[in-house]
Amino acid sequence: MTKEYANQSVLCETDWVSDNLNNKDIKILEVDYDVENAYKEGHLTNAHMVWWRRDINDPATRDIINKKQFEDLMSRLGVNKNDELILYGDFNNWFAAFAFWVFKYFGHEKIKIMNGGRKKWEAEGRPYTKEEPAIHSSKYVASAPDEGIRAYLDDVKRSLKKQEVGLVDVRSNKEFKGEITAPPEYPMEHAQRGGHIPGARNIPWAQALNEDGTFKTADELEKLYAENDISPDKHIICYCRIGERSSHTWFVLKYLLGYPSVKNYDGSWTEWGNMIGNPIEK
């Protein structure tokens with residue numbers, strides 16, 4: 001019998017979403033890297049736009065938004081603390097997963113990711129609209145940040161060579177080996193050095209997905225990470241280049257597999273690879 005995900009409630013399927021587009025009890029948010037060629041070209045009925053670069057990152061500090069900025073975003077979107085949110089987006093839900101992580105960081109409880117994102121919705125020939133829904137602003141009050149799901153530079157430095165810590169580098173194999181410092185489609189996001197954090201295991205994020213962008217079964221995922229010595233008895237830290245791909249793997253490990261201690265290092269390689277004195281391996 002196929003094993004169930006540890007937290008089935010964090011996923012919903014495209015057919016369920018299609019049946020609930022006009023459900024007043026949920027709010028649908030599309031989270032995109034490229035809003036011009038995604039949301040603005042067509043989106044799910046009643047879906048609101050969240051622009052990854054503008055809405056959940058602070059460009060002045062190279063950081064995620066702070067608590068006040070998060071409250072302003074949620075209030076502008078008309079979200080209330082107890083609302084159930086459905087997140088989906090472009091790039092295989094990378095940025096939807098990043099938003100999921102940020103929203104959990106600030107304490108929003110009810111969130112689901114639409115399995116397969118835009119990729120699966122489009123493959124199934126489901127309709128889009130260009131009509132943007134009306135927004136009735138709210139007064140959102142966030143919780144204090146949950147630092148238990150976020151890793152910082154010093155956390156990673158302290159973890160080096162500790163047997164109880166598992167570092168997961170979710171980038172491509174060429175990035176991991178230092179042959180390239182960023183994927184070709186992101187030429188402006190290079191680090192000064194190529195390679196990986198010493199001791200990290202390379203498990204590219206895409207290995208957790210099926211061809212249609214949906215997540216593999218719990219059995220398949222469990223086997224994938226176990227074979228790479230990433231087990232639930234360890235403190236797991238995920239990283240990539242800027243934290244979006246690693247949030248996807250963080251979601252898999254924390255929610256789909258139920259690992260008790262998983263953090264996303266959003267500073268990732270653009271921080272580690274540019275810091276003077278940080279050790280690297282190739």
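Everything quoted here is computed from the prediction, not taken from an experiment.
Between Thr270 and Arg62, the side chains place a donor N or O and an acceptor N or O closer than 3.5 Å (distance only, hydrogens not considered). Between Asn57 and Asp63, the side chains place no donor N or O within less than 3.5 Å of an acceptor N or O (distance only, hydrogens not considered). No side-chain donor from either of Asp58 and Asn66 sits under 3.5 Å from a side-chain acceptor of the other. No donor-acceptor contact under 3.5 angstrom links the side chains of Thr217 and Asp219, judged on distance only. Looking at Glu281 and His196, their side chains do bring a donor and an acceptor atom within 3.5 Å of each other. Asn264 and Ser247 share no side-chain donor-acceptor pair at under 3.5 Å. In this model, a donor atom of one side chain and an acceptor atom of the other lie less than 3.5 Å apart for Thr214 and Asp212.
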Side chain to side chain contact (heavy atoms under 4.5 Å, CB included) between Cys238 and Thr249, worked out: CA-CA 7 Å; Cys238 305; Thr249 296; 4.0 Å; yes
Full working for side chain to side chain contact (heavy atoms under 4.5 Å, CB included) between His108 and Leu85: CA-CA 9 Å; His108 197 90; Leu85 306 180; 3.7 Å; yes
ring-ring contact (aromatic ring centres under 6.0 Å, His included) evaluation trace for Phe215 with Tyr5: CA-CA 10 Å; Phe215 293 101; Tyr5 295 129; 7.2 Å; no
Chi angles and distances behind the side chain to side chain contact (heavy atoms under 4.5 Å, CB included) call for Glu222, Leu256: CA-CA 9 Å; Glu222 197 172 72; Leu256 300 190; over 6 Å; no
Step-by-step side chain to side chain contact (heavy atoms under 4.5 Å, CB included) determination, Leu44 to Val17: CA-CA 9 Å; Leu44 274 62; Val17 177; 3.6 Å; yes
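Counting heavy atoms from C-beta on, the side chains of Trp250 and Lys263 never come closer than 4.5 Å. Contact annotation: the side chain of Thr45 never approaches that of Glu131 to less than 4.5 Å [non-hydrogen atoms, C-beta and beyond]. Arg76 has its side chain within reach of Asp55: a pair of non-hydrogen atoms, C-beta onward, lies under 4.5 Å apart.
Residues satisfying the side-chain hydrogen bond (donor to acceptor under 3.5 Å, both in side chains) criterion with Asn93, sequence neighbours excluded, are absent altogether. For Ser137, there are no side-chain hydrogen bond (donor to acceptor under 3.5 Å, both in side chains) partners, not counting sequence neighbours. Residues satisfying the side chain to side chain contact (heavy atoms under 4.5 Å, CB included) test with Leu153, not counting sequence neighbours, are Lys157, Tyr265, Glu271, Trp272, Met275, Asn278. Shown here are the salt bridge (charged side-chain N to carboxylate O under 4.0 Å, His left out) partners of Asp266, two or more places apart in sequence or in another chain: Arg150. The side chain to side chain contact (heavy atoms under 4.5 Å, CB included) check on Lys282 picks up Ile280, with sequence neighbours excluded. Legend: residues meeting salt bridge (charged side-chain N to carboxylate O under 4.0 Å, His left out) with Lys177, ordered by chain and number and at least two apart, are absent.
Contact check on Glu30 versus Arg118 returns a salt bridge, with a Lys/Arg side-chain nitrogen under 4.0 Å from an Asp/Glu carboxylate oxygen. Between Glu211 and Lys216, none of the side-chain N atoms (NZ, or NE/NH1/NH2) sits under 4.0 Å from a carboxylate O, so this pair counts as no salt bridge. Asp72 has a carboxylate O that lies under 4.0 Å from a charged side-chain N of Lys68, or vice versa, which qualifies the two as a salt bridge. Lys40 and Asp32 are not joined by a salt bridge, as no carboxylate oxygen comes within less than 4.0 angstrom of a charged side-chain nitrogen. Between Glu124 and Lys120 a salt bridge is recorded (basic side-chain N to carboxylate O distance below 4.0 Å).
No donor-acceptor distance shorter than 3.5 angstrom exists from the side chain of Asn228 to the backbone of Ile230, with no hydrogens or angles considered. Under the 3.5 Å distance criterion, the side-chain polar atoms of Ser261 are left unmatched by any main-chain donor or acceptor of His235. No donor-acceptor distance shorter than 3.5 angstrom exists from the side chain of His48 to the backbone of Glu132, with no hydrogens or angles considered. At distances below 3.5 Å, at least one donor-acceptor pair connects side-chain atoms of Glu175 with backbone N or O atoms of Ser172. Judged by distance alone, with hydrogens and angles left aside, the side-chain atoms of Trp101 form no donor-acceptor pair with the main-chain N or O of Phe251 at under 3.5 Å. A donor-acceptor pair under 3.5 Å links the side-chain atoms of Asn7 to the main chain of Tyr255, judged by distance alone. Looking only at distances, a side-chain donor or acceptor of Ser75 sits under 3.5 Å from a matching main-chain atom of Glu71. Without hydrogens or angle criteria, Arg245 side chain to Val170 main chain gives no donor-acceptor distance under 3.5 Å. Side-chain N or O atoms of Asn202 include one that pairs as donor or acceptor with a backbone N or O of Arg171 at under 3.5 Å. The closest donor-acceptor contact from the side chain of Lys27 to the backbone of Asn80 lies at 3.5 Å or more, if one exists at all.
Rounded to the nearest 0.5 Å, atoms CG (Leu167) and CG (Leu160) are 7.0 Å apart. With rounding to the nearest 0.5 angstrom, the NZ atom of Lys223 is 13.5 Å from the OH atom of Tyr225. Once rounded to the nearest 0.5 Å, the distance linking CD1 of Ile56 with CZ of Phe70 reads 9.5 Å. Within the model, atoms CG of Asn173 and CD1 of Ile203 stand 12.5 Å from one another, a figure rounded to the nearest 0.5 Å. Of the inter-residue distances, the one linking Ser231 atom OG with Leu253 atom CG reads 10.5 Å to the nearest 0.5 angstrom. Once rounded to the nearest 0.5 Å, the distance linking OG1 of Thr14 with CD of Glu122 reads 12.0 Å.
The minimum heavy-atom distance between Gly78 and Ser138, with the atom names listed, is C-OG, 3.5 Å. Taking every heavy atom of both residues into account, Cys12 and Ile86 meet most closely at SG-CG2, 3.7 Å. In terms of heavy-atom proximity, Gly117 sits nearest to Tyr88 at CA-CB, 4.2 Å. Closest heavy-atom contact between Pro133 and Ala47: CD-O, 3.3 Å. Contact detail for Ser268 and Gly243: the closest heavy-atom pair is OG-N, 3.6 Å. For the residue pair Lys234 and Asp229, the shortest heavy atom distance occurs at NZ-OD2, 2.9 Å.
Cluster membership check: Tyr39 does not share its hydrophobic cluster with Met114, using side-chain heavy-atom separations under 4.5 Å among Ile, Leu, Val, Met, Phe, Trp and Tyr. Follow the hydrophobic side-chain contacts under 4.5 Å out from Ile111 and you reach Met74 in the same cluster.
More than 12 heavy atoms of other residues, nucleotides or ligands lie within 6.0 Å of CD in Glu164, so this atom counts as buried by the packing criterion.
The aromatic rings of Phe91 and Phe95 stand perpendicular to each other, their planes meeting at an angle above 60°, with 30° marking the opposite boundary.
For the pairing with Trp94, the ring pair (Phe, Tyr, Trp, His ring centres under 6.0 Å) check across Trp52, Phe100, Trp205, Tyr33 returns one residue only, Trp205.
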